[in-house]
Asker: 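Mind looking over this structure? Questions follow.
Numbering of ligands and ligand atoms starts at 1, following listing order. None of the values given here were measured: they were computed from a predicted structure.
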Amino acid sequence: MPLTAAARIIRNARHVTAFTGAGISVESGIPPFRGTEGLWNRYDPQSLEMSYFHSHPRESWEVIKKIFYDFFGEARPNDAHRALALMEQHGLLHAVITQNIDNLHQEAGSRNVIEFHGNSQMLLCLDCGARRPAREVDLAVLPPRCTCGGVYKPDFVFFGEMIPEDASMRAFREAELADVFLLIGTTGEVMPASLLPEEAKRHGAMIIEVNTEASNYTTRLTDIFLEGKATAVMRGLRTELLIM
Ligand code: APR
């Protein structure tokens with residue numbers, strides 16, 4: 001039974017790190033980017049490219065608002081986010097590296113969260129560098145502007161932007177230290193985040209993967225594939241780990 005085997009490996013591990021993607025938040029009502037219901041089937045990913053944002057801030061913000069501010073508003077953590085927080089509280093998980101910008105791991109109670117692509121909660125003024133909580137900024141007029149007149153950009157990583165230095169260093173350090181890397185809900189499509197499971201494997205980690213379908217990792221890297229929705233699988237893992 002793969003769940004029992006996964007729980008035994010996690011219980012006996014020295015350093016477990018989780019690596020999550022959009023799939024862990026799907027059951028919180030946030031669509032994934034790829035796949036049949038993927039956001040990139042409905043919106044053009046160029047809206048999140050730095051060059052396009054600079055030249056078409058209003059058009060870019062119209063898509064950004066629909067995807068990240070109209071959708072995300074009411075999303076709440078689900079049992080998969082909560083299971084990871086519980087594992088951390090019981091000393092069975094050292095950190096969560098997330099590609100998501102929805103803040104749901106923190107809201108579920110996880111404390112050591114490495115946000116590889118930043119977070120949608122704050123806006124950053126491209127002129128004066130001021131940061132404001134997105135909820136305090138009126139998004140009725142786009143692009144939203146800072147009091148200095150500069151255009152606000154969401155403080156998450158756009159295509160073509162560098163990964164925040166601190167997040168990158170901490171994430172790759174986790175990949176070196178982990179003897180178990182728990183992948184949840186990611187296609188493994190986007191570099192450099194997608195390199196992290198490869199790095200973990202190269203340093204000898206066991207790869208446990210939770211996904212509703214095969215990803216870029218499943219045949220190449222994954223040692224135990226727990227097929228299913230993140231909430232159902234993580235509820236099962238929590239039970240096998242005897243943590244409530
Ligand atoms: N439970 C578990 N896995 C799921 C579920 C679910 N309920 N629903 C979907 N999935 C899986 C899909 O099978 C897919 O493998 O989640 C994954 C979602 O893949 P993507 O949408 O590509 O998300 P992600 O891998 O996080 O994308 C990486 O791409 O657009 C950029 O910056 C964006 O961080 C994002 C990055």
Asker: When you measure from the heavy atoms of F116 to every atom of ligand 1, does any distance fall below 4.0 Å?
Answerer: no
Asker: Quick one: salt bridge (charged side-chain N to carboxylate O under 4.0 Å, His left out) partners of E136, sequence neighbours excluded?
Answerer: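 With neighbours one apart ignored, the set is R132.
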Asker: Return the closest protein heavy atom for atom 12 (C) of ligand 1 as residue, atom name and distance.
Answerer: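 Answer for atom 12 (C) of ligand 1: N211 OD1, 3.5 Å.
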Asker: Do any N or O atoms from the side chain of R14 and from the backbone of L177 form a donor-acceptor pair under 3.5 angstrom?
Answerer: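 Such a contact is found between R14 side chain and L177 backbone.
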Asker: Report yes if T186 has an N/O atom closer than 3.5 Å to an N/O atom of ligand 1; otherwise report no.
Answerer: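 There is such a contact, yes.
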Asker: Among all the protein's non-hydrogen atoms, which is closest to atom 30 (O) of ligand 1, and how far away is it?
Answerer: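 Scanning the protein heavy atoms, the shortest distance from atom 30 (O) of ligand 1 goes to W40 NE1, 3.1 Å.
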Asker: Which residue owns the protein heavy atom closest to atom 27 (O) of ligand 1, what's the atom, and how far is it?
Answerer: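 Checking every protein heavy atom, the shortest distance to atom 27 (O) of ligand 1 gives R34 NH1, 3.1 Å.
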Asker: Anything under 3.5 Å between a donor and an acceptor, one on a side chain of residues 223-230, the other on a protein residue two or more places apart or in another chain? List them.
Answerer:
| from | atom 1 | to | atom 2 | distance (Å) |
| --- | --- | --- | --- | --- |
| D223 | OD1 | K201 | NZ | 2.9 |
| D223 | OD2 | K201 | NZ | 2.9 |
| D223 | OD2 | I207 | N | 2.7 |

Asker: Between ligand 1 and E189, is the shortest N or O to N or O distance under 3.5 Å?
Answerer: no
Asker: Under a 4.0 angstrom heavy-atom cut-off, which atoms of ligand 1 come close to E27?
Answerer: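 The list of qualifying atoms is 1 (N), 6 (C), 7 (N).
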Asker: What atoms of ligand 1 come within less than 4.0 Å of a heavy atom belonging to A230?
Answerer: 1 (N), 2 (C), 6 (C)
Asker: Which residue from S194, G35, G185 reaches closest to atom 3 (N) of ligand 1 through any of its heavy atoms?
Answerer: G185
Asker: Is R58 salt-bridged to E62, going by a charged N under 4.0 Å from an acidic O?
Answerer: yes
Asker: At a 4.0 Å cut-off, with the gap strictly under it, does some heavy atom of F156 reach an atom of ligand 1?
Answerer: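 F156 does not count as a contact of ligand 1 under the 4.0 Å cut-off.
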